[in-house]
Every structure is written in C-alpha cells, then in structure tokens.
Amino acid sequence: MSLVIGVDTFGDVTVDAEGRRLSQAQVLRNVVAEAVLAEQVGIEAFGVGEHHRPDFAVSAPEVVLAAIATKTSSILLGSAVTVLSTDDPVRVFERFSTLNALSNGRAEVILGRGSFTESYPLFGYDLSHYEQLFEEKLALFTALLQGTPVTWRGTSWTTTLENQTVYAPIESGRLRAWVGVGGSPDSVLRAARHGLPLTLAIIGGDPERFLPYATLYRQALDQFEQPDLPIAVHSPGHVADTDEDAKAQIWPHYEQMMSRIGAERGWAPVTRAHFEREAGPSGALCVGSPETVARKIAGTVRALGLSRFDLKYSSGTLPHEQLLRSLELFGTKVAPRVRELSS
C-alpha cells in the first residue's frame, strides 16, 4: 500500500495578531482556506474532527467538508472523527454518501467514540452505555457499507430495517470508512472483526509503544479471515523553518490548551519539560523544522508499518497565519522527505 500523507484539524478556535479570539464562524472560514492551501501544496487528505464545545469550531464535519469540496478537486475529505455513538448510523451514512457524490468520490469517514463526552448529554445519551452504543451502531454502519438493501434487527440504540436501501447510494465501490482508536485492545479487535481500516490516535508518549496494537490488528485480521487493511496514525505537530521557531510558536498555545483540558480531567498542568520530551525523538509531537518532522514521521511509519499518516496541524489558539505556513512546509518539504526516507 502506498503511503498517504494528510492533515487534520478540530477547527481549534484561534487568536488574531493582537491576541483576540476569533469567532467560531471565522475559524470555520479559515479552515476552508487551510484545506484549499493543503491541496495546492500537495497534501493528499484533509480531515476535520467533531466537537461540541467552545474551544473547537467544527460540530458538523460533513458541512465543512462539503464547503471544501466546492473549492478543491483532488484532496481526500474526511472526518477526524465522527462520534458515531451519539449519532444515527443511517444518517451518518447518508451525509457522507452525499459528500462522496458532491466531491466525485473523495469522501471518507473515521468512526469513533470521541476523546470528549460532551455529545452524550447534548443528544440525550447515557455514558453508562458507552460501549454498547458504539458496538451496535458500528455493526449497523458496517452493514450499510455493503451498498445493498439492509435487513437489521435494532434495539434501543438503532432502528429496525427491512430490506431497506439507504440513499444516496455510493456511485462506485464503497464509502471509505476507518475506525479511530485511542489505545484500547478491544477497539483494535472490533475494527478487525468488522473488516475496517484502523486509525491510531497517538497524542502522547513514544509512538513505538503502539506496535503491539498494530501487531494485534494484523493478527486479528488473519483470524477473522479479513484481507490486509491499512493502518494510519494521527498525531499533533507544527512545522516552522527551524526547530527553535516551531517550538517557540506552538508552546504557549499548547500549554494553554493542554492545561485547560487537563484541568477538566484532573491532570496536573503541563510543563515545558513535558513538552520538550513529547517534541523530542521519542515523543508524539511532530514539532520542528521540515527535516526534523519528516524524520520523526518516517520513523513512526517504519516502526508501525503504516499506510497513512495524518498530522493534526492545529493546536489551541495557534494563529491562522502560522497554520498556513506550517501547512505549506508540510506539503512542500515534509511529505516528499517522508516518502524518500520511507522508501
């Protein structure tokens, strides 16, 4: 499988040159501009995550991706992730099938449970059903992917279908769908059982610690008599002209974001020493010059046998102009160097 190199964003709410927070509406418009640039500089895939909170602007990924589709022609357009547990699998399939038609076959969806839980109370779901919701809804979505009329016996969390066709059908082939996993072996096995490609979200620690998950996935595919399927990694990062510039630009925004999220979850405030470890050779942050970032990504690609790497290029309030420069360097310098180092 050839290596695909992409980027994604949660539509982090950023600040302007004077440090004032932009509106979520302006951030959404900026995300579209960032996607247009991503295609222009040769990046192959662009993803947007789903959240329902004040620090992230994207709550409806398919709508944002449809806007991007009208201004691009070749870049893959996907979610990162769609919180399937608190959505209707039939409606998710319809929305991404529609996006696929509008973009001439460029849509893809990463299905997950989300790293935040705000969608559960928002849409009337009980967190105590966290596991059952995703299991049943993913099973139904997998059935819908086959592209044939579906008969399905639903329970409290899915509808019952009798020989039902879901519209609009995929024009050719099938909708590209992945399962996003944060580090649960059960989730890895679930993806393999359903025959869906795996996306590993590596946001902290040494990426090589995820090798057992990649191995487990490949073994499970064999056990479930599934074909070889791609494994992707999503990791955060930032590219600037030098390592020093990249760290100086991202650190205050990373510190603020991680400390805020950490306070919500009972973690200690993030330190500069922690940031330096994560930005170092054995950490998850892909921060630095094009050569530094390329070598780090290539090392992860080789260690885990990846077919896809996506950089989360946004980081808290890091300004739009710096995001554009990071995307430019990622597409023109990092991606070609990663392919060279990985070949």
Side-chain angles (χ1 to χ4, degrees), residues 1-8 38 42-49 65 74-82 84 96 99-100 103 105-112 138 141-142 144-147 170 172-203 207-235 237 284 286 294 296-312 330 334-336 338-343:
M1 301 177 186
S2 59
L3 179 65
V4 174
I5 300 177
V7 295
D8 52 47
I43 295 170
E44 297 171 280
F46 192 89
V48 294
L65 294 169
S74 61
I75 196 166
L76 294 174
L77 303 171
S79 63
V81 301
T82 290
L84 186 65
F96 276 91
L99 173 65
N100 199 64
S103 64
R106 292 187 281 140
E108 56 182 5
V109 55
I110 302 179
L111 305 164
L138 182 62
F141 195 91
T142 304
L144 296 170
L145 286 173
Q146 307 311 311
I170 297 298
S172 66
R174 58 182 269 174
L175 179 67
R176 284 182 295 273
W178 304 67
V179 173
V181 174
S184 163
D186 288 342
S187 296
V188 172
L189 292 172
R190 182 187 292 115
R193 186 172 71 251
H194 288 297
L196 294 174
L198 179 71
T199 297
L200 296 168
I202 303 179
I203 59 175
E208 291 194 23
R209 69 188 175 91
F210 279 76
L211 180 57
Y213 295 102
T215 301
L216 174 64
Y217 177 68
R218 293 184 175 105
Q219 291 173 342
L221 287 175
D222 186 59
Q223 176 187 343
F224 293 126
E225 299 182 341
Q226 300 283 6
D228 289 340
L229 294 170
I231 299 176
V233 157
H234 148 108
S235 285
C286 299
K296 193 165 192 177
I297 292 173
T300 300
V301 168
R302 291 192 300 266
L304 303 184
L306 302 180
S307 300
R308 171 89 168 254
F309 186 95
D310 290 335
L311 181 83
K312 182 184 179 289
F330 189 74
V334 174
V338 170
R339 293 192 179 90
E340 180 183 323
L341 293 168
S342 304
S343 62

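On a predicted model such as this, the values are computed, not experimentally measured, just so you know.
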Between [X] (side chain only) and [Y] (backbone N and O only), is there a donor and an acceptor less than 3.5 Å apart?
X: Ser79; Y: Val109; result: no
X: Thr82; Y: Leu111; result: no
X: Glu44; Y: Ile5; result: yes

Contacts under 3.5 angstrom, residues 187-200 side chains, donor-acceptor by atom type, not counting sequence neighbours:
residue, atom, partner, partner atom, Å
Ser187, OG, Arg113, NH2, 2.8
Arg190, NE, Glu135, OE1, 2.8
Arg190, NH2, Glu131, OE2, 2.3
Arg193, NH2, Glu135, OE1, 3.0
Arg193, NH2, Glu135, OE2, 2.9

- Query: For Glu108, which residues count as a side-chain contact (heavy atoms from CB on, under 4.5 Å) partner, sequence neighbours excluded?
  - Reply: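 So Glu108 forms a side-chain contact (heavy atoms from CB on, under 4.5 Å) with Ala45, Leu76, Arg176, Trp178, Arg308.
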- Report the residues that fulfil salt bridge (Lys or Arg N to Asp or Glu O under 4.0 Å) with Glu225, sequence neighbours left out, ordered by chain and then residue number.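 Result, salt bridge (Lys or Arg N to Asp or Glu O under 4.0 Å) vs Glu225: none returned.
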So which heavy atom on [X] is nearest to which on [Y], and how close?
X: Leu77; Y: Leu65; value: CD1-O, 3.8 Å
X: Asp310; Y: Asp8; value: CB-OD2, 3.5 Å
X: Arg106; Y: Ile75; value: NH1-O, 3.0 Å
X: Asn100; Y: Ala107; value: OD1-N, 3.1 Å
X: Leu341; Y: Ala298; value: CB-CB, 3.7 Å
X: Ile297; Y: Cys286; value: CG1-SG, 3.9 Å

- Quick one: do Phe210 and Thr300 satisfy side chain to side chain contact (heavy atoms under 4.5 Å, CB included)? Show the steps, please. CA-CA 10 Å; Phe210 279 76; Thr300 300; over 6 Å; no
